[in-house]
Amino acid sequence: MSEQTLSPARANQITGQAARRRTFAVISHPDAGKSTLTEALALHAKVIGTAGATNGKSNRRETVSDWQQMEKDRGISISSAALQFSYRDAVINLLDTPGHADFSEDTYRVLAAVDCAVMLIDAAKGLETQTMKLFEVCRQRGLPIITVINKWDRPGLDALALMDEITERTGLLPMPLTWAVGIAGDFRGVWDLKQDRFVQFQRNNAGAQIALTEYFTPDQAAENLGDVWTEAVDEAGLVLDSVDDFDLEAFYAGKATPILFSSAALNFGVKELLDALVDYAPPAAARPDVDGGKRAVEAPFSGFVFKVQAGMNAAHRDHVAFIRVCSGVFERGMVVTQGRTGKSFATKYAQQVFGREREVIDEAFPGDVVGLVNASALRVGDSLFLESPVEFPAIPLFAPEHFQVARSKDPSRYKQFRRGIDQLEHEGVIQVLRSDLRGDQAPVLAAVGPMQFEVVEDRMFHDFNAPMRLERLPYSLARLTTPEAEPTLANVHGAEVLLRTDGEYLALFNDIWALRRVEKNNPDLLLVPIGTEHS
Ligand code: GDP
């Protein structure tokens with residue numbers, strides 16, 4: 001086992017590095033501009049010279065975050081990784097979340113690994129279904145949210161109406177850091193409320209480069225813009241009336257959300273977002289453990305696995321476990337303890353991974369993400385540590401809403417089929433349910449979003465050479481239950497009890513009416529909502 005007794009100077013250095021970290025994810029309904037914004041942020045941080053290099057939409061250049069063939073075929077990003085860059089004195093870790101209307105558990109897991117979320121809203125659409133779902137997950141995790149109203153260069157909703165919608169539907173108090181000057185579709189710039197100046201944007205090469213920006217005093221802005229300026233100031237004033245000042249505590253407590261306006265496509269307002277992240281987003285800090293304590297950032301190394309990915313690189317069929325560093329310093333090659341098994345794990349192959357770009361990393365600090373290659377022993381939720389043991393809270397499994405029976409197409413390949421299903425379950429690609437009645441040959445796969453089934457099918461075929469058939473089940477609702485429910489529900493139409501590999505019994509129901517009927521007829525049965533439905 002490696003040792004990491006830190007000298008006071010080293011501990012100081014780690015505290016300093018943790019304080020520089022801003023680890024966040026952009027969440028949005030698909031098409032709100034997440035990829036475009038990611039690219040624009042990277043452009044600002046000068047990671048890439050011209051925007052367009054990291055986006056995977058078919059009308060753009062090839063993305064670096066598309067790993068699997070399937071992703072390429074569909075032009076969407078399924079996998080998650082982290083982009084790291086420095087900006088001002090901060091180190092920004094932007095974790096990629098899958099960008100598809102279909103939900104997958106990956107998104108939730110990424111949210112377990114970040115300290116803050118940027119909620120991107122399409123100015124023409126307001127809060128959409130997935131925005132609301134993601135917002136709810138953030139609320140449950142107590143994640144602070146920065147809200148960005150995007151696509152302001154296009155006609156859209158009224159800024160004040162958007163503020164009302166945010167307040168009414170999320171309960172968050174909007175605290176503008178910038179306010180759009182010009183209505184949606186006529187985006188002149190923003191009033192930077194902190195510095196009290198007008199930031200004027202001008203298009204530059206269709207957004208492929210950083211926007212041309214000029215700064216003016218409010219008086220100059222009033223003179224140059226007349227009513228357009230006055231209207232912006234009046235509107236922002238109406239919102240500000242309900243906020244005394246920027247309240248960092250309310251933001252951290254998930255009660256208020258800083259607001260910014262942008263056009264990611266034109267690179268307008270992107271620098272302002274970066275500045276807001278550096279100035280206000282929470283740095284990597286002491287992380288709560290399962291015992292009610294906190295692991296200080298300067299304690300010996302610890303972290304947890306928030307995502308496991310296999311088959312990212314067709315050339316080497318590898319497993320990468322993504323670790324969020326919580327304390328100490330990660331040094332490549334060190335040997336850490338895996339909490340769940342008590343075994344040691346050698347971190348010989350540590351990488352920073354973003355899309356196809358990989359870089360070997362030697363050191364990582366709290367807030368950073370490390371990809372460990374050849375990590376098939378690691379599972380989502382595993383804690384890793386040096387010296388003093390620590391266990392971080394499990395990443396909750398989410399309530400599955402889609403269920404399909406899996407069968408091997410070729411009975412002679414049942415062994416491969418079984419191994420593949422087990423592996424994909426370990427990676428957290430899918431939940432697996434079984435019952436004596438259905439038998440081992442026909443496990444039930446349970447997913448949060450239907451695309452998870454496609455990933456399983458694809459991986460079973462390509463990675464395990466075990467083609468399979470899927471058959472949809474009519475269930476749409478699951479509750480945690482006890483083995484006693486099994487005989488009761490065996491005779492009920494539209495319900496069934498299955499055992500999940502983690503030892504939990506799940507009762508599945510066709511719909512809420514089937515559940516209500518069972519509850520009414522069997523008031524003593526234990527039927528507990530799962531995961532996100534808890535609170
Ligand atoms: P994602 O699904 O959230 O990652 O969305 P994308 O970044 O792929 O953007 C979806 C579409 O909206 C693309 O055609 C983008 O070019 C476009 N888009 C993104 N941001 C803006 C913006 O600020 N203004 C305008 N007009 N279009 C945008």
Side-chain angles (χ1 to χ4, degrees), residues 24-44 48 50-66 71-72 74-81 83 94-104 106-107 110 117-135 147-157 159 162 178 180-190 201-211 213 259-274 354-355 449 451:
F24 74 105
V26 180
I27 55 176
S28 73
H29 193 84
D31 277 345
K34 195 154 56 77
S35 320
T36 312
L37 180 69
T38 302
E39 193 177 290
L41 287 167
L43 171 71
H44 268 270
I48 47 178
T50 314
T54 60
N55 194 288
K57 296 289 147 108
S58 49
N59 59 345
R60 307 247 195 130
R61 261 173 275 168
E62 201 185 13
T63 179
V64 292
S65 66
D66 275 6
E71 288 178 298
K72 265 198 244 147
R74 303 179 58 144
I76 50 164
S77 164
I78 302 169
S79 328
S80 308
L83 176 66
L94 169 50
L95 274 59
D96 194 13
T97 52
H100 192 267
D102 184 16
F103 240 20
S104 92
D106 276 355
T107 309
V110 169
V118 168
M119 180 157 78
L120 197 61
I121 295 175
D122 183 330
K125 302 206 171 124
L127 295 168
E128 298 175 84
T129 43
Q130 193 164 332
T131 336
M132 288 309 295
K133 276 200 190 181
L134 290 163
F135 161 76
T147 302
V148 176
I149 314 285
N150 189 38
K151 303 199 185 182
W152 201 255
D153 59 300
R154 285 266 186 85
L157 300 168
L162 281 162
T178 68
V181 176
I183 57 166
D186 180 28
F187 197 6
R188 312 282 185 92
V190 292
F201 302 128
Q202 252 172 42
R203 287 172 189 244
N204 187 355
N205 196 9
Q209 282 157 20
I210 292 174
T213 307
I259 302 280
L260 296 111
F261 289 79
S262 75
S263 164
L266 299 176
N267 287 301
F268 290 5
V270 176
K271 176 180 180 297
E272 287 65 27
L273 172 60
L274 278 170
F354 186 70
M451 197 199 292

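Just so you know, ligand 1 is whichever comes first in the structure, and atom 1 is the first atom listed for that ligand. Side chains included, hydrogens not; waters and symmetry mates left out as well; all remaining heavy atoms used.
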Considering the heavy atoms of [X], write down every atom of ligand 1 situated less than 4.0 Å from one of them.
X	value
Asn150	20 (N), 21 (C), 23 (O)
Ser28	3 (O)
Ser263	22 (C), 23 (O), 24 (N)

Problem - Considering all heavy atoms, the nearest Ala184-Leu157 contact - result: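 Minimum heavy-atom contact is CB-O, 4.1 Å.
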Completion exercise
Closest non-hydrogen contact found for Ala123 with Ile149 is CB-CG2, 3.8 Å
Before signing off on this row, confirm whether [X] and ligand 1 have an N or O atom pair separated by under 3.5 Å.
X	result
Lys34	yes
Pro30	no
Ala264	yes

Handout entry: Close side-chain approach of Phe201 and Arg188, heavy atoms under 4.5 Å
Key =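 A side-chain contact is absent here, since even the closest heavy-atom pair is not under 4.5 Å.
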Practice task
Could you tell me the separation between the NE2 atom of His29 and the CD atom of Glu128, rounded to the nearest 0.5 Å?
Solution key: 4.0 Å
Exercise for the section: Only heavy atoms count here, so choose which of Leu37, Thr36, Leu120 is nearest to atom 6 (P) of ligand 1. Expected result: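 When every heavy atom of Leu37, Thr36, Leu120 is considered, Thr36 comes closest to atom 6 (P) of ligand 1.
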Completion exercise
Heavy-atom proximity to atom 12 (O) of ligand 1 ranks first, among Lys151, His29, Gln130, for Lys151
Problem - Presence of salt bridge, Asp153 and Lys151, under 4.0 angstrom - result: no
Practice task
Name all residues meeting the side-chain contact (heavy atoms from CB on, under 4.5 Å) criterion together with Ser28; count only those two or more places apart in sequence or in a different chain, and write none if there are none.
Solution key: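 side-chain contact (heavy atoms from CB on, under 4.5 Å) check on Ser28 returns Ala32, Lys34, Leu120.
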Problem - ligand 1 versus Asp31: contacting region, heavy-atom distance under 4.0 Å - result: both
Handout entry: Main-chain N/O of Gly182 paired with Trp152 side-chain donor or acceptor, under 3.5 Å
Key =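 Indeed, once roles are kept as given, a pair shorter than 3.5 Å links the two residues.
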